[in-house]
Asker: 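Please see the structure below; I have some questions.
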Amino acid sequence: MSQECVKRLQTATRAKLRKFNLLRGREMRPGQFWDVVVVTAADGNQREAYELQISEKVDRKELPRGIHYKVFSDPPGSKIGNGGSTLYALQWLRDHYGKDLCRLRVILIHAGGFSQRLPSASALGKIFTAMPVGDPLYQMLELKLAMYVDFPSEMKPGILVTCADDIELYSTAEDETVCFDKPGFTALAHPSPLSIGTTHGVFVLDSHENLTNLEMENISCLQYLHKPGTEKMRDSGAVFKRQGGCFSLRDAEFVYTDSTYYVDFDTATSLLNLLKELGALHCEIDAYGDFLQALGPKATIDYTNNSANVTREERGLVEVRQKIFRHLKGTPLNVILLNNSKFYHIGTTSEYLFHLTEDEALRSELDLLSSAFSVHMNENSGKSTGCCVMYSVLDPSCSVGAESVVEYSRLGAGVVVGKGSVVSSCRVSAGLSVPGGVFMHSLSVNHQDRIGFVTVVFGINDNLKHSVEAPAYMEVLKLFGFSLAECLSHWEMDNEVLRFSGDTSSCSLWNACLFPVCSDQQSSVSMSLEMLKAVMDGSTFTLPRGTKLMSMQECLQCKNLEEMLKFRKGLYNDITQR
């Protein structure tokens, strides 16, 4: 990427941040910003958490005012995916706004799901993940709104669909703007290496339209490929060779990958008719793979039988996909090529750590800070190099290792956090040490008619989703690199004692009841660290008699939102007063 392209991207990004900062806390007039900001949630419990946090953000003047902020949850029952969430959100919007919907500019941010790959975002939502930028401190919600701050004024009534765990940065020439004014779907496209194309959506562009290598181009799309193999990309004509221009990557070959798309009002109405045709949904629909693959003159029905990218293939999925294909076939798919753009995904713990502590490109583009909205250690002590501390109160004698993130936490005197760890929502007592490569996160739970506290501790690279069919196979599940059976032996527990919450035909670290429920937050952190230390040292630790153990899954089912938000409010008050 040339220095000129880098500079243009930085300048454009900072201009968007400045523009959004001027809107925070201000009363918006029609046409100045989005008419409606919609956030989707997985269930009623998650919806309540999101509504509470958005309400507090508006009160603290962290968001523009006079906007309709809505949170819609998926209906109870089967998982319906972000495609199903899109359809139901449109239905709720129509039910709420009626005929006025045809005049509104809506941004729809998909933030449902339980964030198993970034568990610090599980309880309160990945759209509320802290980012070390802005004053007051940004979360992903503000960052998404800031990066799209120019869109509403250049958009006809309709819906912009996006996700909660990615960031798109882009620049355009001074006389160019990103406009959403065409019928059908209009998608943003980013030049990406072929390896990225295999895990994203890829656009097959009309070869009759000559590409000019400008920063931004509008072009029609022949076909959309969902997570295609390299050979498929080549055979479909999706691979391009770089020939100069302001491009955001150095690769000689590249493809254009997806991120966010716009649907005009007439097409949104068509999607509502589709929901009516489908009836109650009982399978996962993908807002990208299932909608966009039906578009473009080269789209074929073949993909409807491909279950390679489906986490769980429910009965009726193929039939539903075929109905979607027939309903949407012929709908235009327009693409806006953002040649000087970058797509960042922050959906996993390792991505979160890398982008906030090591990624010099993102740091310079967003002006990310090492210490943001915190009462922090002595910066001159040299103990904070390469780490990121946000929304936290740390004693000056604390030491945080390189490539570590501390967020929403209180650390007492002499606390040491090792290299490459995440400490989230914790109250750590004086003198304790958190080893390197550890993820530690505290939750408040309702337990036996009182408030309890649980601190979950995992290895940064542990796979919380990997499951076995029965507890008898727990040897396969690895915690900090050790089998669960080994861990239990260090805690003087028999294998038969370990309980798995929920569906025991799927046993994973996510639903393994490993973490003690304590009466206060500090004890919770201390006890979980003792258990971790026993495994790491090869020693033993005996849990106090009668200790209740919970899984991460169970913690979310009985979380106490008010207590968790109360802890954050206490931090907020301390930081602003100091």
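Along the sequence shown, the residues carry numbers beginning at 1. All of these numbers come straight from a predicted model, not from anything done at the bench.
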Asker: Taking 4.0 angstrom as the limit, do Lys144 and Asp166 come out as a salt bridge?
Answerer: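 Looking at Lys144 and Asp166, the cut-off is met.
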Asker: For residues Ser341 and Glu168, is any side-chain donor paired with an opposing acceptor at under 3.5 Å?
Answerer: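 Per modelled atom types, Ser341 and Glu168 side chains form no pair under 3.5 Å.
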Asker: Would you check if Ser551 and Cys513 make a side-chain contact, meaning some heavy-atom pair closer than 4.5 Å?
Answerer: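 Yes. Closest side-chain heavy atoms under 4.5 Å.
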Asker: Could you tell me whether a side-chain N or O of Thr86 sits under 3.5 Å from a main-chain N or O of Gly84, the two making a donor and an acceptor?
Answerer: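 No, the answer is negative, given that no donor and acceptor are paired below the 3.5 Å cut-off.
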Asker: How are the rings of Tyr170 and Phe151 set to each other: parallel, tilted or perpendicular (split at 30° and 60°)?
Answerer: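 The rings of Tyr170 and Phe151 lie parallel, inter-plane angle below 30°.
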Asker: For the backbone of Gly125 and the side chain of Gln46, can you confirm whether one donor and one acceptor N or O come within less than 3.5 Å of each other?
Answerer: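 Not confirmed, Gln46 side chain does not pair with Gly125 backbone.
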Asker: Would you find more than 12 non-hydrogen atoms of other residues, nucleotides or ligands less than 6.0 Å from Asp43 atom CG?
Answerer: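 Above 12, so yes.
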Asker: Answer with yes or no whether the side chains of Asn21 and Tyr138 bring together a donor and an acceptor at under 3.5 Å.
Answerer: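 Judged by distance alone, the side chains do pair up.
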Asker: Do Ser424 and Ser120 have a side chain donor and acceptor closer than 3.5 Å?
Answerer: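 Side-chain D/A pair, Ser424 to Ser120: absent.
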Asker: Would you say the side chains of Ser508 and Asn511 form a donor-acceptor pair under 3.5 Å?
Answerer: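 Checked: Ser508/Asn511 side chains pair up, N/O donor to acceptor below 3.5 Å.
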Asker: Would you mind reporting whether Asp462 and Leu479 have side-chain heavy atoms less than 4.5 Å apart?
Answerer: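 Side-chain contact under 4.5 Å: yes.
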Asker: Ser259 and His200: side-chain donor and acceptor closer than 3.5 Å?
Answerer: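 Their side chains do not contain a donor-acceptor pair, so the 3.5 Å distance test is not met.
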Asker: Assess, by modelled atom type and distance only, whether the side chains of Glu215 and Ser171 contain a donor and an acceptor separated by less than 3.5 Å.
Answerer: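 Their side chains do contain a donor-acceptor pair, which is all the 3.5 Å distance test asks for.
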Asker: Indicate yes or no: at least one non-hydrogen side-chain atom of Met131 is less than 4.5 angstrom from one of Leu356.
Answerer: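 In short, these two side chains touch, coming nearer than 4.5 Å.
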Asker: Under 4.5 Å between any side-chain heavy atoms of Asp258 and Phe343, yes or no?
Answerer: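 No; the side chains remain at least 4.5 Å from each other.
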Asker: Are Lys61 and Arg24 packed together at the side-chain level, in the sense that at least one heavy-atom pair is separated by less than 4.5 angstrom?
Answerer: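 Not touching, per the 4.5 Å side-chain cut-off.
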Asker: For the residue pair His466 and Leu477, establish whether any side-chain heavy-atom pair is separated by less than 4.5 Å.
Answerer: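 Heavy-atom side-chain distance check passes, below 4.5 Å.
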Asker: For Tyr408 and Tyr391, take the angle between the two ring planes, folded into 0 to 90°, and tell me which bin it lands in: parallel under 30, tilted 30 to 60, perpendicular over 60.
Answerer: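 Geometry flag for Tyr391 against Tyr408: tilted rings.
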Asker: Can you tell me if Lys533 has over 12 outside heavy atoms packed within less than 6.0 Å of its NZ?
Answerer: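 No, because the 6.0 Å sphere around NZ of Lys533 holds 12 heavy atoms or fewer from other groups.
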Asker: Can any side-chain N or O of Asp35 pair as donor or acceptor with the backbone N or O of Arg105 at less than 3.5 Å?
Answerer: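 A pair under 3.5 Å: yes.
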Asker: At what distance, to the nearest 0.5 angstrom, does CD of Glu365 lie from CG of Leu17?
Answerer: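 Taking CD in Glu365 and CG in Leu17, the distance rounds to 11.0 Å.
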Asker: Does any N or O in the side chain of Ser524 come within less than 3.5 Å of the main-chain N or O of Asp520, such that one atom is a donor and the other an acceptor?
Answerer: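 Judged by distance alone, no pair lies under 3.5 Å.
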Asker: Between Tyr50 and Ala111 (side chain of the first, backbone of the second, donor and acceptor by atom type, cut-off under 3.5 Å), is there such a pair?
Answerer: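 Yes.
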Asker: Nearest 0.5 angstrom please: Thr129 OG1 to Met140 CE, how far?
Answerer: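 CE of Met140 is found 7.0 Å from OG1 of Thr129.
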Asker: Do Leu362 and Phe354 make a side-chain contact, defined as non-hydrogen atoms from C-beta onward lying under 4.5 Å apart?
Answerer: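 Leu362 does not reach Phe354 side chain to side chain.
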Asker: Looking only at the side chains, is there a donor atom on one of Ser442 and Ser425 sitting less than 3.5 Å from an acceptor on the other?
Answerer: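 No pair is found: no donor N or O on one side chain lies under 3.5 Å from an acceptor on the other.
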Asker: Taking only Lys NZ, Arg NE, NH1 and NH2, and the carboxylate oxygens of Asp or Glu, determine whether Glu142 and Lys57 approach each other closer than 4.0 Å.
Answerer: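 Answer for the salt bridge query: yes.
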Asker: Describe, in one word, how the ring planes of His355 and Tyr344 are oriented to each other, choosing from parallel (under 30°), tilted (30 to 60°) and perpendicular (over 60°).
Answerer: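 Perpendicular: the ring planes of His355 and Tyr344 meet at over 60°.
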Asker: Compute both the distance and the angle, then confirm whether Arg60 meets the cation-pi test with Tyr572: under 6.0 Å from the six-membered ring centre, within 45 degrees of the axis.
Answerer: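 Here Arg60 passes the 6.0 Å and 45° test against Tyr572.
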Asker: Is the backbone of Gly420 close enough, under 3.5 Å, to the side chain of Ser404 for a donor and an acceptor to pair up by distance?
Answerer: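 Judged by distance alone, yes, a pair lies under 3.5 Å.
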Asker: Enter the distance from Met550:CE to Cys558:SG here, rounded to the nearest 0.5 Å.
Answerer: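 Going from the CE atom of Met550 to the SG atom of Cys558 covers 3.5 Å.
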Asker: With heavy-atom distances below 4.5 Å as the criterion, would you say the side chains of Phe20 and Tyr148 are in contact?
Answerer: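 Result no, sub-4.5 Å side-chain heavy-atom pair not found.
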Asker: Using 30° and 60° as the class limits, which term best fits the ring planes of Tyr262 and Phe180: parallel, tilted or perpendicular?
Answerer: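 Rings of Tyr262 and Phe180: tilted, as their planes differ by 30° to 60°.
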